[in-house]
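Okay, structure first, notes after.
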Amino acid sequence: MITLKFPDGAERQYRAGITAAEVAADISKSLAKKAMVARLDGELVDLSAPIGADARLEIVTRDDPAALEIIRHDAAHVLAEAVQDLFPGTQVTIGPVIESGFYYDFARDEPFTPDDLEAIERRMQEIIRRDQPFTKEIWNRDAAKKHFAEKGETYKLELIDAIPKGEDVRIYRQGDWLDLCRGPHGPSTGRVGGAFKLTKLAGAYWRGDSRNPMLQRIYGTAFANDNDLKAYLTMLEEAERRDHRRLGREMDLFHFQEEAPGAVFWHPKGWTLFQELIGYMRRRQDAAGYHEVNSPDFMDKQLWEQSGHWEKFGENMFVTETPDERLYCCKPMNCPGHVQIFRNGLKSYRDLPLKIAEFGKVHRYEPSGALHGLLRVRHFTQDDAHIFCTEGQISEESARVNELILSIYRDFGFDDVAIKFSDRPEKRVGSDAVWDRAEQALKDACRDAGIEPELNPGEGAFYGPKLEYVLRDAIGRDWQCGTLQVDFNLPGRLGAFYIGADGEKHTPVMLHRAMFGSLERFAGILLENHAGHLPLWLAPVQIVVATITSEADNYARKVLATLQAAGLRAEIDLRNEKINYKVREHSLAKVPAIVVCGKREAEEGTVNIRRLGVREQCSAGLDEAVAGFVDEALPPDLRRARLSLAA
RNA sequence: GCCGGCUUAGCUCAGCAGGUAGAGCAGCGGUUUUGUAAACCGCGGGUCGGGGGUUCGAGUCCCUCAGCCGGCACCA
């Protein structure tokens, strides 16, 4: 007999070899019905697995979050069976669960079409209706290889070979169909239920390597019940509504066009937002001791060869040939230019750390398939800076950068920030010894600053290791923005030096850092994060003064003049339209506040304020209203400055 | 860059199986002077992404290029 301990603390005795399914049935009929898998001493196992010894046992029902992965994994198997049913000769490869559902990669010469997806979905429903049990089998390695070889499943053969020696080759069977799989699975195909949907079709490289053949990936999602599925689909629609590309058009911020792929045409309103961001960053940087500069957009190719960019980054660079037959590179980074500024004039150790900042527009020839609105462009503005310092100053300067970045993100409401540590990539300049020192210096800096970054192996810049700051937005998506890189290579390559206390020449270390990263991307992230409802200080148009009747026109003009004189970005709408129409239009344009002026307001010298998304209005005297807006429109850093002044 | 899809008026989208382009909104002209998310009437507006081909005839079929969308790979 064995003793099983349940989550509520109860214990029961059973014969050895009993299965979790049998235990569930013993406890209650309804539990048996809802059971998907079992958690045995914390590990998920099939309900049908025999239990041989004392253990903690928990029956995982389909409402349990852990069951969702099982449902999705089961759905992936059902998908694979459906596909092989409908399209004989298609090879199956892998079909894992992912955050939003699952996918399965297939190898087939003919492409799948969106219509195929519907047919596959219908076949999946049939398989689910047949309710075939999932059964686990342990196969002899050679037998498994023979089986898949006979079926022409070459990818599965590769997968079997990748299973470590000594580990079982596990096969899961559902009816006549079977798949190599680690498991666990639910009791039967019927338990997948009806709340699933195939969502998209895509190409994907075998094993994620672009040198490998491309497979066809079918994405799907599945949930425990219809409501959850519906909620998920609604969430997707919501994400589409906040797509910055759509908001950019609706709010008249920017556009793209064919002649300039990956390049933004900023409209007046979008540029206002952009400048507001730069203004904020400039104030924060100035306060932190940075000196702003401007370096050339084009420099001779020779300089980029010297820096190593030509060799390591050349395929991403725009190059131009001039009538005098010189080759100039359009800068993909600002660092070489900043080194030139550092080099100009003799520097002393007393000048260090020297912080050079630039809102530099960089140009990178990104692969066409990577372009995506403002979030991935070929021409973007970095809030870039380089800190020239001694090796001994790295730690303190890194800590300062870290503090500044986090403080800035907080000002924009991003509190959830992940930090990643990227070490030496394959394609790099500099000796291993130098990389050892650079990586160690950055690690030490992390330790001193109390940062515990997640390791991101092989993802460093070609000249040095880096920290990457990834922020999470309002709907849970991650965006890489800031970066801090330790560079022992470029200053030396480009001949930068300073005179030390010993009177000798020394090569400085250079810290590269960006906080927004790309201004374009950051603007896009902000738009999506706020669904276009920007806080007042960032809104391109902060207030629209809208009249109800032409009798109030003169008063409205006075209100506008007062708002503008107070430094607010206000516009006026005197059109011969109903107030309903004006409210709707400016609300759709995401204007934070509409100041309505009718006959009543004109007579009383008041304004009626309607805030974006709020039905209720409030009335206030003009001066009081202006003061309120002025206060609210203060950027967060200036607000802090005012508070500390008052204190 | 790779796989698949898409590209029709400023925007959103119709256009069935090849027969010579249509709606709503926006715009323009009137009427209406209006109280918090679309007043009414009328009028214009398109080399159907570019190029080539098949055909008596192509928005519709084929080829090709570009851009965009979704993934993959790459990445701020």
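First the proteins, then the strands, lettered A, B, ... as listed; each starts at 1.
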Show every side chain to side chain donor-acceptor pair (under 3.5 Å) that has at least one partner inside residues 374-387 of chain A, sequence neighbours left out. A:Asn334-A:Gln382, A:Asn334-A:Asp384, A:His338-A:His386, A:His363-A:His379, A:Glu366-A:Arg376, A:Thr381-A:Glu520, A:His386-A:His512

State plainly whether the residues A:Arg513 and A:Glu397 are in salt-bridge range, i.e. N to O under 4.0 Å. no

Pick base, sugar-phosphate or nothing for A:Glu585, based on heavy-atom distances below 4.0 Å to the nucleic acid. nothing

Is any side-chain heavy atom of A:Thr547 closer than 4.5 Å to one of A:Asp573? no

Atom-to-atom span, CG of A:Asp573 to P of B:U34 - whole angstrom: 17 Å

Validate the cation-pi geometry between A:Lys427 and A:Phe462: distance from NZ or CZ to the six-membered ring centre under 6.0 Å, angle to the ring axis within 45°. no

Touch class at under 4.0 angstrom, heavy-atom based, for A:Glu616 against every strand present: nothing

With sugar-phosphate meaning primed atoms plus P, OP1 and OP2, does A:Leu215 contact a base, only sugar-phosphate, or nothing at under 4.0 Å between heavy atoms? nothing

What are the atom names and distances for every N/O pair under 3.5 Å that joins the protein to nucleotides 8-15 of chain B?
unit_1	atom_1	unit_2	atom_2	d
B:U12	OP1	A:Arg249	NH2	3.4

Nearest-nucleotide comparison on RNA chain B, the residue closer to the 5′ end among A:Ser550 and A:Gln216: A:Gln216

Say we look at B:G42 and B:U60: how far apart would their C1' atoms be, to the nearest angstrom? 34 Å

Give the residues of residues 411-420 of chain A touching RNA chain B, defined as any heavy atom closer than 4.0 Å, sorted by residue number. none

Nearest-angstrom distance from the residue atom CZ of A:Arg108 to P of B:C3: 16 Å

Distance only, no hydrogens: is a donor on one side chain within 3.5 Å (strictly under) of an acceptor on the other, for A:Tyr469 and A:Asn402? yes

When rounded to the nearest Å, what value does the distance between P atoms of B:G59 and B:G18 take? 13 Å

Its contact letters, B for base, S for sugar-phosphate only and - for none at protein heavy atoms under 4.0 Å, make nucleotides 70-76 of chain B read BBBBBBB

Expressed in angstrom and rounded to an integer, what is the separation of A:Lys578 atom NZ from B:A38 atom C1'? 10 Å

Less than 3.5 Å apart, any donor N or O on the side chain of A:Thr483 or A:Gln485 sitting next to an acceptor on the other? yes

Between atom CZ in A:Arg584 and atom P in B:A38, what is the gap in whole Å? 6 Å

For A:Gly95 and A:Ala76, work out which heavy atoms get closest and say how close. O-CB, 3.6 Å

B:U34 versus B:G49 - spacing of their P atoms, nearest Å: 47 Å

Closest nucleotide of RNA chain B for A:Phe112 versus for A:Glu551: which of these residues is on the 5' side? A:Phe112

Strictly under 6.0 Å, is that where the ring centroids of A:Tyr232 and A:Phe223 end up? yes

Just by distance, with hydrogens left out, do A:Arg282 and A:Tyr280 show a side-chain donor and acceptor under 3.5 Å apart? no

Does A:Trp435 reach the side chain of A:Asn489, with side-chain heavy atoms less than 4.5 Å apart? yes

Could you check A:Glu69 against A:His73 for side chain to side chain contact (heavy atoms under 4.5 Å, CB included), going step by step and ending with a plain yes or no? CA-CA 6 Å; A:Glu69 280 193 29; A:His73 190 189; 6.0 Å; no

Validation row: A:Phe359, A:Asn294 side chains within 4.5 angstrom (heavy atoms): no

Whole-Å gap separating P (B:G4) and CG (A:Leu198): 19 Å

Could you run down the sub-3.5 Å N/O contacts of the protein with nucleotides 59-66 of chain B?
unit_1	atom_1	unit_2	atom_2	d
B:A66	O2'	A:Glu258	OE1	3.4

Parsed dot-bracket for RNA chain B after applying the Watson-Crick and G-U rules with both distances under 3.5 Å and | for other-strand partners is (((((((..((((.....[..)))).(((((.......))))).....(((((..]....))))))))))))....

Distance between C1' atoms of B:A14 and B:C72 (Å, rounded): 34 Å

Side chain to side chain contact (heavy atoms under 4.5 Å, CB included) partners of A:Gln216, counting only residues at least two apart: A:Arg108, A:Pro111, A:Phe112

Could you report the tightest heavy-atom contact between A:Ser407 and A:Arg284, atom names first, then the distance? OG-NH2, 2.7 Å

Would you say the side chains of A:Gln257 and A:His255 form a donor-acceptor pair under 3.5 Å? yes

Rounded to the nearest angstrom, tell me the gap between atom CZ in A:Arg241 and atom C1' in B:A37. 15 Å

Do A:Glu601 and A:Tyr555 have side chains that approach each other closer than 4.5 Å (heavy atoms only, starting at C-beta)? yes

In whole angstroms, the gap separating P of B:G49 from CD of A:Glu259 amounts to 15 Å

Which pairs with one or both residues in residues 456-467 of chain A pass salt bridge (charged side-chain N to carboxylate O under 4.0 Å, His left out), sequence neighbours excluded? A:Lys466-A:Glu468

N or O in side chain of A:Asn580 less than 4.0 angstrom from B:U36 OP1/OP2: no

Measuring only the C1' atom in each nucleotide, how far is B:A58 from B:G53? A whole number of Å is fine. 11 Å

Distance, C1' atom - from B:G51 to B:G45, rounded to whole angstrom: 26 Å

Tell me which nucleotide among B:G27, B:U34, B:A37 gets nearest to the side chain of A:Tyr581. B:G27

Heavy atoms only, 4.0 Å cut-off, all strands: where does A:Lys599 land among base, sugar-phosphate and nothing? base

With A:Tyr155, which residues qualify under ring-ring contact (aromatic ring centres under 6.0 Å, His included), at least two apart? A:Trp206

Determine the interatomic distance between C1' on B:C56 and the same-named atom on B:C69; round to the nearest Å. 38 Å

Roughly, in whole Å, what's the span from CD1 in A:Ile218 to P in B:G4? 14 Å

Residues at least two apart in sequence or cross-chain that pass salt bridge (Lys or Arg N to Asp or Glu O under 4.0 Å) with A:Asp115, listed by chain then number, are none

Under the salt bridge (charged side-chain N to carboxylate O under 4.0 Å, His left out) rule, what pairs show up with a residue in residues 238-248 of chain A, not counting sequence neighbours? A:Glu238-A:Arg241, A:Glu238-A:Arg242, A:Asp243-A:Arg245, A:Arg246-A:Glu250

Of all the heavy-atom pairs spanning A:Cys481 and A:Ile525, show the shortest one and how long it is. SG-CD1, 3.6 Å

For B:C6 and B:A76, measure between their P atoms and round to the nearest Å. 33 Å

Set out, line by line, the N/O atom pairs under 3.5 Å between protein and nucleotides 40-43 of chain B.
none

